[in-house]
Amino acid sequence: MKFGKSICVLNVGGTRYAFTSEVIRDFPLRRVSRLHACATEKEVLELCDDYDRDQNEFFFDRHAQAFVFIMLYVRSGKLRFVPGVCELSFYTEMLYWGLESVHLDSCCQKRLDDRISEIGLDTLSEVDIGLSGDESQSSSAPVQRTALTGRARWLEKIRKTFEEPNSSLLAQLLASVSVICVLVSMIMLCASTLPDWDTAKKNIAEEQRIVEAVCIGWFTAECTVRFLVARSKWDFLRQPLNIIDVISITPYYVTMALAQAGMPGAGLGVAGVILRVLRMMRVFWLMKLARHFLGLQTLGLTLTRCYREMVMLMVFVFVAMAIYSALAQLLEYGLDLGTQNPDYASIPAAAWWVIISMTTVGYGDVYPVTVGGRVLGGMCVVSGIVLLALPITFIYHSFVQCYQELKLRSARYARSMSVELLK
């Protein structure tokens, strides 16, 4: 700052905060940090509502209580809505100071998404929230510019590029490369199971190794970079998709290690079985597509939120299966009435018939022959339809809600990318 005293006072809605000029320079809120670069009062007044040169005090005619919660975010890194304040009003304050919805805790992000859905907007624009030109320019800046500087800023930019495919054009390009590698790997895996593959493999063995090595190299580099730039290494290792990445990559290196140890063949007893299992585990690469497709993300988020309903569904099925399989074994085999059905010789064998009947699949490989067994079969089918339908309503509504949330986030990222391109 080329003027004023070393102590700067921020007056937000009547509440005063005193900071040194060095703190202002590195302040996480972009609107405040830009004050340090101002050379004239005219530039200062473009960022605040009034300025007192004698006291070196900057006046902001904004919501004082909302700024208290924003300051808590500056100190602790957690941002939540002010109780009793409209979510859109608080979001307006966030944009004014240079924050975005991604800074909110997940529970508050959900509240904001629900509120935006209620008013029928895919995402909020400056016109929707009433920001003027200068305010919109400062608030719509990329998220990484608001709270990070220097090396941390570049690490955050790299992290967003690899973790969030919709955050920039480069991120979309890298995501496209990942999708192509996954599809090529899956095509090769499927082709390797064809009867004529062994004959064709002799002619394209070298090309296959090169393509496989390139795909594995890309997956390894991608996983390594994401791990190095992760905010928390422990949280990174605990995420299901990252675990799937490691499981998908490891078989290739294990196979190469076994080949170097002199066990490259598939007919070496236990070692051959292990090799075949490891090769087939590459099918988990398909789970990597969840990072790039909204539908798979919605499915994963729905299963995460509805695990209680899924457990309840499993309990319903297992209880009904235990009851009907015991009765079916008794009626078809256990009573010994001269018409013993060998397909129901045990309760586990009868359980197979119960599960395909409750799900209305009915392969026809196992079926009752006694009158009592057929009556039981009808009851099994009807009760299966009812039991399976009970939790479906909760899961369906959760799926719709998760889809709307992810669609809103994707729209916000697209808007941020558009603003970045226009600049």
Find the distance between [atom1] ([X]) and [atom2] ([Y]) and round it off to the nearest 0.5 Å.
{"X": "Thr304", "Y": "Met310", "atom1": "OG1", "atom2": "CE", "value": "11.0 Å"}
{"X": "Leu170", "Y": "Leu174", "atom1": "CG", "atom2": "CG", "value": "4.5 Å"}
{"X": "Asp50", "Y": "Glu41", "atom1": "CG", "atom2": "CD", "value": "9.0 Å"}
{"X": "Tyr363", "Y": "Ile356", "atom1": "OH", "atom2": "CD1", "value": "7.5 Å"}
{"X": "Leu88", "Y": "Thr92", "atom1": "CG", "atom2": "OG1", "value": "6.5 Å"}
{"X": "Leu301", "Y": "Gln297", "atom1": "CG", "atom2": "CD", "value": "9.0 Å"}

Begin from the C-alpha positions of Thr302 and Tyr403 and carry the test side-chain contact (heavy atoms from CB on, under 4.5 Å) through to its verdict.
-> CA-CA 9 Å; Thr302 302; Tyr403 177 73; over 6 Å; no
Taking side chain as C-beta onward, heavy atoms only, is [X] less than 4.5 Å from [Y]?
{"X": "Glu222", "Y": "Asp245", "value": "no"}
{"X": "Leu237", "Y": "Phe227", "value": "yes"}
{"X": "Thr15", "Y": "Leu10", "value": "no"}
{"X": "Met188", "Y": "Val184", "value": "yes"}
{"X": "Tyr91", "Y": "Tyr96", "value": "no"}
{"X": "Trp353", "Y": "Asp365", "value": "no"}
{"X": "Val382", "Y": "Ile385", "value": "no"}
{"X": "Val229", "Y": "Phe236", "value": "no"}

Specify the closest pair of heavy atoms between [X] and [Y], including all atoms of both residues, with the distance to one decimal.
{"X": "Tyr344", "Y": "Tyr367", "value": "OH-C, 3.2 Å"}
{"X": "Ser325", "Y": "Ala350", "value": "O-CB, 3.5 Å"}
{"X": "Cys181", "Y": "Ser185", "value": "O-OG, 2.8 Å"}
{"X": "Ala328", "Y": "Leu376", "value": "N-CD2, 3.4 Å"}
{"X": "Phe27", "Y": "Met71", "value": "CZ-SD, 3.8 Å"}
{"X": "Phe162", "Y": "Val225", "value": "CE1-CG1, 3.6 Å"}

[X] atom [atom1]: more than 12 heavy-atom contacts under 6.0 Å:
{"X": "Phe19", "atom1": "CZ", "answer": "yes"}
{"X": "Lys233", "atom1": "NZ", "answer": "yes"}
{"X": "Arg238", "atom1": "CZ", "answer": "yes"}

How are the rings of Phe67 and Trp97 set relative to one another: parallel (under 30°), tilted (30 to 60°) or perpendicular (over 60°)?
->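 Judged by the thresholds at 30° and 60°, the geometry between Phe67 and Trp97 is tilted.
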Check the pair Thr40, Glu46 against side-chain contact (heavy atoms from CB on, under 4.5 Å), reporting the backbone distance first and the verdict last.
-> CA-CA 10 Å; Thr40 64; Glu46 292 177 356; over 6 Å; no
Do the side chain of Asn11 and the main chain of Phe58 share a donor and acceptor less than 3.5 angstrom apart?
->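 Flag not set: sc Asn11 to bb Phe58 has no pair under 3.5 Å.
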Donor-acceptor pair, side chain of Arg31 and main chain of Leu47, under 3.5 angstrom =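 Indeed, once roles are kept as given, a pair shorter than 3.5 Å links the two residues.
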Start with the C-alpha distance between Met358 and Val381, add both sets of side-chain angles, then the distance that settles side-chain contact (heavy atoms from CB on, under 4.5 Å), and finish with yes or no.
-> CA-CA 5 Å; Met358 291 184 64; Val381 172; over 6 Å; no
Val32 vs Ile24, side-chain contact (heavy atoms from CB on, under 4.5 Å): CA-CA, chis, key distance, verdict = CA-CA 6 Å; Val32 177; Ile24 293 293; 3.7 Å; yes
Residues Arg34, Glu43: salt bridge by 4.0 Å N-O rule =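 Salt bridge flag = no for Glu43 with Arg34.
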Looking only at side-chain N and O atoms, does [Y] offer a donor or acceptor that is under 3.5 Å from a partner on [X]?
{"X": "Asp52", "Y": "Gln55", "result": "no"}
{"X": "Tyr324", "Y": "Ser383", "result": "yes"}
{"X": "Tyr253", "Y": "Thr220", "result": "yes"}

Using residues 395-402 as the side-chain source, report each donor-acceptor pair under 3.5 Å to any protein atom, sequence neighbours left out, with the distance given to one decimal.
none

